[in-house]
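Step one of this worksheet: look at the structure below.
Predicted model, so just to flag it, every value in this text is computed and none were measured.
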Amino acid sequence: MCERDDAPTSTRILRNFGYFGYFLHMHWGGRNGKQHILLELLAHDGEMTQRDLQEASCITSASLSEVIAKLEAEGLVSRERSETDRRQLTVTLTPEGERKAHEVVRTRAEFEARAFDCLTEDERNSLVTILDRVAAHWTQLEKDKKGDER
């Protein structure tokens, strides 16, 4: 990551947050990517209605359909109309999709185990305390902004 040491501290922190967000989105799958959908299905015994899958994800119906179509094209899921309610689509992990979902779980666990190896236990505890404070402050800033917009 290219970072100027003479940039203001707040700028450096925000750039780092941006990098971390990008890294997690690309390697963690975000809340609406293919990995997330595979993991949701795995957590629900490999099968969910498309409606339930949408409710469990932060994604529009059209975007979910697009992601499912991609997963279907890769042979990771299948879609079928419900026998009891023809309006409902059921999304099911294929054996290859289940294997891929388990691989995602494994690689995430490996990353999580090593992500903060560069910090001592005390530093990790300090970091989580600081990040909790920043998150609470940002939540308050958002509430304040919404209050100002009224």
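Atom-to-atom distance recorded for Asp144:CG and His137:NE2 is 9.0 Å, nearest 0.5 angstrom. Residue Leu42 holds its CG atom at 13.0 Å from NZ of Lys100, rounded to the nearest 0.5 Å. Taken from CG in Asn125 to CD1 in Ile130, the straight-line distance is 11.0 Å, to the nearest 0.5 Å. With values rounded to the nearest 0.5 angstrom, Leu71 atom CG is found 9.5 Å from Arg79 atom CZ. One distance of note links CD of Glu98 with OG1 of Thr92; it measures 11.5 Å at 0.5 Å rounding. Note that OG of Ser10 is 10.0 Å distant from CZ of Arg15, once rounded to the nearest 0.5 Å.
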Would you please test Glu40 and Leu53 for side-chain contact (heavy atoms from CB on, under 4.5 Å) and show each step? CA-CA 7 Å; Glu40 276 297 325; Leu53 194 51; 3.7 Å; yes

Dump the intermediate steps for side-chain contact (heavy atoms from CB on, under 4.5 Å) on Glu121 and Arg124, then the final yes or no. CA-CA 5 Å; Glu121 186 66 30; Arg124 283 183 280 221; 3.3 Å; yes

Evaluate the salt bridge (Lys or Arg N to Asp or Glu O under 4.0 Å) criterion for residues Lys34 and Glu74: first the C-alpha distance (whole Å), next the side-chain angles of each, then the deciding distance (0.1 Å), finally the verdict. CA-CA 11 Å; Lys34 293 189 290 186; Glu74 293 175 32; 2.6 Å; yes

Could you go through the side-chain contact (heavy atoms from CB on, under 4.5 Å) check for Cys118 and Glu123 one step at a time? CA-CA 9 Å; Cys118 61; Glu123 289 170 328; over 6 Å; no

Worked check of salt bridge (Lys or Arg N to Asp or Glu O under 4.0 Å) between Lys146 and Glu149: CA-CA 5 Å; Lys146 286 180 182 177; Glu149 291 173 354; over 6 Å; no

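By the neighbour-count criterion of 12 heavy atoms within 6.0 Å, atom CZ of Arg51 is sparsely surrounded, having that number or fewer from other residues, nucleotides or ligands. Remark: Glu110 CD is packed, more than 12 non-hydrogen atoms of other residues, nucleotides or ligands lying under 6.0 Å away. The environment of Glu96 atom CD is dense: over 12 non-hydrogen atoms of other residues, nucleotides or ligands sit within 6.0 angstrom.
With Phe17 as reference, Trp138 is the one residue of Trp138, Tyr22, Phe23 to meet the ring pair (Phe, Tyr, Trp, His ring centres under 6.0 Å) rule. For the side-chain contact (heavy atoms from CB on, under 4.5 Å) with Met48, the qualifying choice from Leu93, Val91, Leu41, Thr90 is Leu41, the only one to do so.
Judged purely by atom type and a 3.5 angstrom limit, Thr49 has no side-chain atom pairing as donor or acceptor with the backbone of Leu89. The backbone N or O of Gln54 lies less than 3.5 Å from no partner atom in the side chain of Ser57, so there is not a single donor-acceptor pair.
With contacts defined as side-chain heavy-atom distances shorter than 4.5 Å, the pair Val77/Leu38 qualifies. Between His102 and Arg99 the shortest side-chain heavy-atom distance does not fall below 4.5 Å.
Hydrophobic clustering keeps Ile13 apart from Val128 (ILVMFWY residues linked when any side-chain heavy atoms are closer than 4.5 Å, directly or through intermediates). In the hydrophobic clustering of this structure, Leu127 groups with Tyr19; members are Ile, Leu, Val, Met, Phe, Trp, Tyr whose side-chain heavy atoms approach within less than 4.5 Å, directly or through other members.
Contact between Gln50 and Ser65 at its shortest, heavy atoms only, is NE2-OG, 3.1 Å.
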